[in-house]
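Structure below; questions to follow.
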Amino acid sequence: MAERNIVIIGAGVAGLTTALLLSKIPGYSITVAAKHMPGDYDIEYASPWAGANYMPVSSRGTEAAEWDKETWKVFHELALNHPESGIHLQGKSPYILAEDLLKNSSDNPTDCEIRNRSNDVGSATADWFSELLSSAPWFKDVVPNFRTLSKNELGPGIDSAINFTSVCINTALYLPWLVSKCLENKVSFKRAVFNHISEAYSLDPSRKVDLVVNCTGLMASKLGGVEDHTVVPARGQIVVVRNEAGKMINLSGTDDGDDEACYIMARAAGGGTVIGGSYQKGNWESQPDPNLAIRIMKRAVQAYPELTGGKGIEALDVIRHAVGLRPVREGGTRIEKEQMGSLWIVHNYGAGGAGYQSSYGCAEAAVKLVRKALEVQTKL
Ligand code: FAD
């Protein structure tokens with residue numbers, strides 16, 4: 001049978017993961033076409049700004065929880081066996097052996113700690129984290145070393161907390177690694193800006209395109225033919241510092257506003273420590289707010305004084321202040337196939353703050369739809 005030509009619009013984590021999975025299927029020729037590629041930093045391109053870690057916010061029993069579950073298996077394997085991907089298990093020392101990190105013990109240094117304050121109930125951040133804040137979230141049997149902290153382990157103002165082993169992804173390494181894996185499988189990459197999704201069908205006038213995969217993230221709200229106005233930004237401001245964090249910490253909320261957050265995570269392979277943050281829905285502002293930056297740094301040092309050896313925020317060694325926009329979609333990530341006249345489209349966009357932790361599950365679901373759509377076309 002003739003090769004089937006597929007164009008993927010978007011080179012964020014959604015587009016690259018979908019390209020990688022599709023490139024493993026014989027008979028498909030894949031082109032990734034995008035305005036922004038790994039190496040670029042732009043407000044329309046969420047993927048480089050993410051922490052990124054694995055802390056499922058999907059609800060029990062949903063498709064999204066299944067996507068997250070599938071993704072953990074891959075991330076865990078990459079962290080254990082492929083350090084070149086830029087993914088590592090979060091622990092006190094980068095030198096701890098992977099096998100030791102997985103031993104079940106209460107003094108295990110593999111800390112991803114979610115701290116809950118009862119007065120945050122109902123805030124935007126606590127709503128976003130509601131599954132994470134449950135004492136028995138669905139993922140407790142998925143991630144290693146899950147446990148609930150005892151009362152005497154809780155710091156001041158904290159009402160409950162859970163702890164488990166997780167990963168942190170250095171996105172500056174992971175996105176190019178995905179590109180390399182795609183190139184190994186003969187995926188082509190091309191810069192392109194589309195005003196309308198149908199333009200992807202004439203990307204290369206010498207080849208008929210059989211199907212387009214739409215991985216445009218937040219910009220699906222503006223792309224002609226899609227214009228999904230249920231996709232909105234949730235603005236995340238972060239500070240990347242050279243100080244080392246021995247654990248990953250997340251709080252259910254802050255005293256500084258409903259849409260502000262407090263989290264700390266250490267990126268793999270010298271990627272620095274990311275401290276955040278905010279979750280400002282509907283806010284497109286690309287520039288860091290200096291006042292918010294101070295609040296982010298104060299909260300991080302208060303939550304984890306070890307970050308600066310007890311010396312306060314002046315001892316934070318800042319690499320950069322940054323802002324990214326999470327592509328939040330009402331109703332969750334859109335994984336659907338659509339026929340637009342004679343054109344076939346599969347959508348994979350709108351993952352909000354979970355684009356990494358759901359990436360393999362979402363891409364697998366999109367791949368299934370691509371296969372189905374191409375089968376239908378063959379029968380016509
Ligand atoms: P994007 O990365 O935005 O990529 C979109 C692609 O489409 C780009 O290549 C763009 O150029 C292209 N494109 C768009 N429109 C067009 C067009 N018209 N023509 C051509 N190309 C086009 N997720 C996690 O799982 N864990 C985390 O810890 C985490 N932390 C985060 C922290 C912050 C501060 C932020 C901002 C996000 C965080 N996220 C996290 C969320 C994650 O970053 C996003 O869900 C994910 O990056 C979305 O990826 P994407 O590929 O869908 O979109």
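Owing to the predicted nature of the structure, the values given are computational and were not obtained by experimental measurement. Each ligand, and each atom within it, is numbered from 1 in the order the structure gives.
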Problem - Contact check: Lys35 vs ligand 1, nitrogen or oxygen atoms, below 3.5 angstrom - result: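 Yes - when backbone and side-chain N and O of Lys35 are compared with those of ligand 1, one distance drops under 3.5 Å.
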
Practice task
Starting from atom 18 (N) of ligand 1, locate the nearest protein heavy atom and write down its residue, its atom name and how far away it is, to 0.1 Å.
Solution key: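 Scanning the protein heavy atoms, the shortest distance from atom 18 (N) of ligand 1 goes to Phe194 O, 2.8 Å.
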
Handout entry: Pairwise distance CZ(Arg299) to OH(Tyr263) - rounded to 0.5 angstrom
Key =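 Those atoms lie 10.5 Å apart.
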
Exercise for the section: Count the heavy atoms belonging to other residues, nucleotides or ligands that lie under 6.0 Å from CZ of Arg371, then report whether that count exceeds 12. Expected result: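 No - once you tally the heavy atoms of other residues, nucleotides and ligands closer than 6.0 Å, there are 12 at most.
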
Practice task
Measure the spacing between CD1 of Ile87 and NE2 of His76 and express it to the nearest 0.5 Å.
Solution key: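 Answer rounded to 0.5 Å: 11.5 Å.
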
Problem - Side-chain ion pair, Asp255 and Arg117, N-O less than 4.0 Å - result: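 Between Arg117 and Asp255 there is a salt bridge, with a charged N closer than 4.0 Å to a carboxylate O.
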
Problem - Distance-only N or O hit between ligand 1 and Arg326, under 3.5 Å - result: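 No: no nitrogen or oxygen of Arg326 is under 3.5 Å from one in ligand 1.
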
Practice task
Note the single closest protein heavy atom to atom 1 (P) of ligand 1, along with its residue, its atom name and the distance in Å.
Solution key: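 Checked against all protein heavy atoms, atom 1 (P) of ligand 1 sits closest to Ala46 N, 3.7 Å.
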
Exercise for the section: Please check if the side chain of Glu131 supplies one atom and the backbone of Pro56 the other of a donor-acceptor pair under 3.5 Å. Expected result: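 No: the side chain of Glu131 does not pair with the backbone of Pro56.
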
Practice task
Please round to the nearest 0.5 Å and tell me the distance separating atom OH of Tyr360 and atom OG1 of Thr17.
Solution key: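 These two atoms lie 5.0 Å from each other.
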
Practice task
For ligand 1, indicate whether the residue Ala192 contacts it via side chain, backbone, both or neither (heavy-atom separation under 4.0 Å).
Solution key: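 The answer is the backbone.
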
Problem - Presence of salt bridge, Asp289 and Arg235, under 4.0 angstrom - result: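 A salt bridge is absent here (no side-chain N lies under 4.0 Å from a carboxylate O).
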
Practice task
Check step by step if side-chain hydrogen bond (donor to acceptor under 3.5 Å, both in side chains) holds for Arg267 and Thr171.
Solution key: CA-CA 8 Å; Arg267 281 178 166 181; Thr171 61; 3.1 Å; yes

Problem - Side-chain ion pair, Glu153 and Arg147, N-O less than 4.0 Å - result: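 Looking at Glu153 and Arg147, the cut-off is met.
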
Problem - From the candidates Val226, Leu218, Thr216, the one that places a heavy atom nearest atom 14 (C) of ligand 1 - result: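 Shortest heavy-atom distance from atom 14 (C) of ligand 1: Thr216.
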
Handout entry: Subset of ligand 1 atoms that lie under 4.0 Å from at least one heavy atom of Leu223
Key =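 Numbered from 1, ligand 1 contributes 18 (N).
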
Handout entry: Residue portion contacting ligand 1 (non-hydrogen atoms closer than 4.0 Å) for Ala34
Key =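 It is both parts that get close, each with some atom under 4.0 Å.
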
Problem - Contact (N/O only, under 3.5 Å) between Pro48 and ligand 1 - result: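 No: no nitrogen or oxygen of Pro48 is under 3.5 Å from one in ligand 1.
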
Handout entry: For atom 45 (O) of ligand 1, closest protein heavy-atom neighbour
Key =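 That would be Gly352 O, 2.6 Å.
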
Handout entry: Gly324: numbered ligand 1 atoms lying under 4.0 Å from its heavy atoms
Key =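 Counting atoms of ligand 1 from 1, those under 4.0 Å from Gly324 are 36 (C).
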
Practice task
Provide the number and element of each atom of ligand 1 under 4.0 Å from a heavy atom of Gly51.
Solution key: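 It comes down to these atoms of ligand 1: 30 (N), 31 (C), 32 (C).
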
Handout entry: Option with minimal heavy-atom separation from atom 48 (C) of ligand 1, where the choices are Ala351, Ser359, Gly350, Pro327
Key =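 Checking each option, the heavy atom nearest atom 48 (C) of ligand 1 is found in Pro327.
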
Handout entry: Which residue and heavy atom of the protein sit nearest atom 49 (O) of ligand 1, plus the separation
Key =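 Its nearest protein heavy-atom neighbour is Ser47 OG, 3.2 Å.
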
Practice task
Please indicate whether any nitrogen or oxygen in Gly236 is less than 3.5 Å from any nitrogen or oxygen in ligand 1.
Solution key: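 Between Gly236 and ligand 1 (N or O atoms, distance only) the closest approach is not under 3.5 Å.
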
Practice task
Answer with yes or no whether Gly277 contacts ligand 1, where contact means a heavy atom under 4.0 Å from a ligand atom.
Solution key: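 Heavy atoms of Gly277 never come under 4.0 Å of ligand 1.
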
Exercise for the section: Specify side chain, backbone, both or neither for Asn195, according to which of its non-hydrogen atoms lie closer than 4.0 Å to ligand 1. Expected result: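 It is neither; nothing of Asn195 touches ligand 1.
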
Practice task
Any chance you could measure Leu211, atom CG, to Ile30, atom CD1, to the nearest 0.5 Å?
Solution key: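 Spacing of CG (Leu211) from CD1 (Ile30) equals 9.5 Å.
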
Exercise for the section: Check whether any N or O atom of Ala14, backbone or side chain, sits under 3.5 Å from an N or O atom of ligand 1, and answer yes or no. Expected result: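 N/O-N/O distance under 3.5 Å: yes.
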
Practice task
Please determine if Gln357 has a nitrogen or oxygen closer than 3.5 Å to a nitrogen or oxygen of ligand 1.
Solution key: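 Yes, there is a polar N/O contact under 3.5 Å.
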
Handout entry: Interatomic spacing from CG in Asp259 to CG in Asn283 - rounded to 0.5 Å
Key =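 The distance works out to 8.5 Å.
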
Exercise for the section: Would you check whether Tyr356 has a nitrogen or oxygen atom less than 3.5 angstrom from a nitrogen or oxygen atom of ligand 1? Expected result: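 Checking ligand 1 against Tyr356, an N or O pair does fall under 3.5 Å apart.
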
Exercise for the section: Answer side chain, backbone, both or neither: which part of Met219 comes under 4.0 Å from ligand 1, heavy atoms only. Expected result: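 Near ligand 1, Met219 shows its side chain, while the N, CA, C and O stay back.
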
Practice task
Under 4.0 Å, heavy atoms only, figure out whether ligand 1 is touched by the backbone of Cys215, its side chain, both or neither.
Solution key: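 The answer is the backbone.
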
Exercise for the section: Could you list which atoms of ligand 1 come closer than 4.0 Å to a heavy atom of Glu44? Expected result: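 Counting atoms of ligand 1 from 1, those under 4.0 Å from Glu44 are 3 (O).
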
Exercise for the section: Could you tell me how the ring of Trp177 sits relative to the ring of Tyr174: parallel (under 30°), tilted (30 to 60°) or perpendicular (over 60°)? Expected result: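 It falls in the parallel class, under 30°.
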
Problem - Gln302 CD: over 12 foreign heavy atoms closer than 6.0 Å - result: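 No - once you tally the heavy atoms of other residues, nucleotides and ligands closer than 6.0 Å, there are 12 at most.
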
Problem - Which residue and heavy atom of the protein sit nearest atom 27 (C) of ligand 1, plus the separation - result: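 Protein heavy atom with the smallest distance to atom 27 (C) of ligand 1: Asn53 N, 3.5 Å.
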
Exercise for the section: Using non-hydrogen atoms of the residue, decide whether Tyr349 is closer than 4.0 angstrom to ligand 1. Expected result: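 No heavy atom of Tyr349 comes that close to ligand 1.
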
Practice task
Would you mind listing which atoms of ligand 1 come within a distance below 4.0 Å of any non-hydrogen atom of Leu325?
Solution key: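 So the answer, numbered in order with elements, is 36 (C).
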
Problem - Close-contact set for ligand 1 against Gly10 heavy atoms, below 4.0 Å - result: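 Answer for ligand 1: 6 (C), 7 (O), 9 (O), 12 (C).
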
Exercise for the section: Would you mind checking which non-hydrogen protein atom is closest to atom 40 (C) of ligand 1, with the distance to 0.1 Å? Expected result: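 Of every protein heavy atom, Gly353 O, 3.3 Å lies nearest to atom 40 (C) of ligand 1.
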
Handout entry: Closest protein heavy atom (residue, atom, distance) for atom 10 (C) of ligand 1
Key =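 Checking every protein heavy atom, the shortest distance to atom 10 (C) of ligand 1 gives His36 ND1, 3.8 Å.
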
Exercise for the section: Go through ligand 1 atom by atom and flag the ones less than 4.0 Å from a non-hydrogen atom of Val193. Expected result: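 Those atoms are 19 (N), 20 (C).
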
Exercise for the section: Could you list which atoms of ligand 1 come closer than 4.0 Å to a heavy atom of Ala50? Expected result: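 Matching atoms, with element in brackets: 29 (C), 30 (N), 31 (C), 32 (C), 33 (C), 38 (C), 39 (N), 40 (C), 43 (O).
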
Handout entry: Top protein contact for atom 8 (C) of ligand 1, by heavy-atom distance
Key =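 Ranking protein heavy atoms by distance from atom 8 (C) of ligand 1, first comes Tyr45 CD1, 3.6 Å.
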
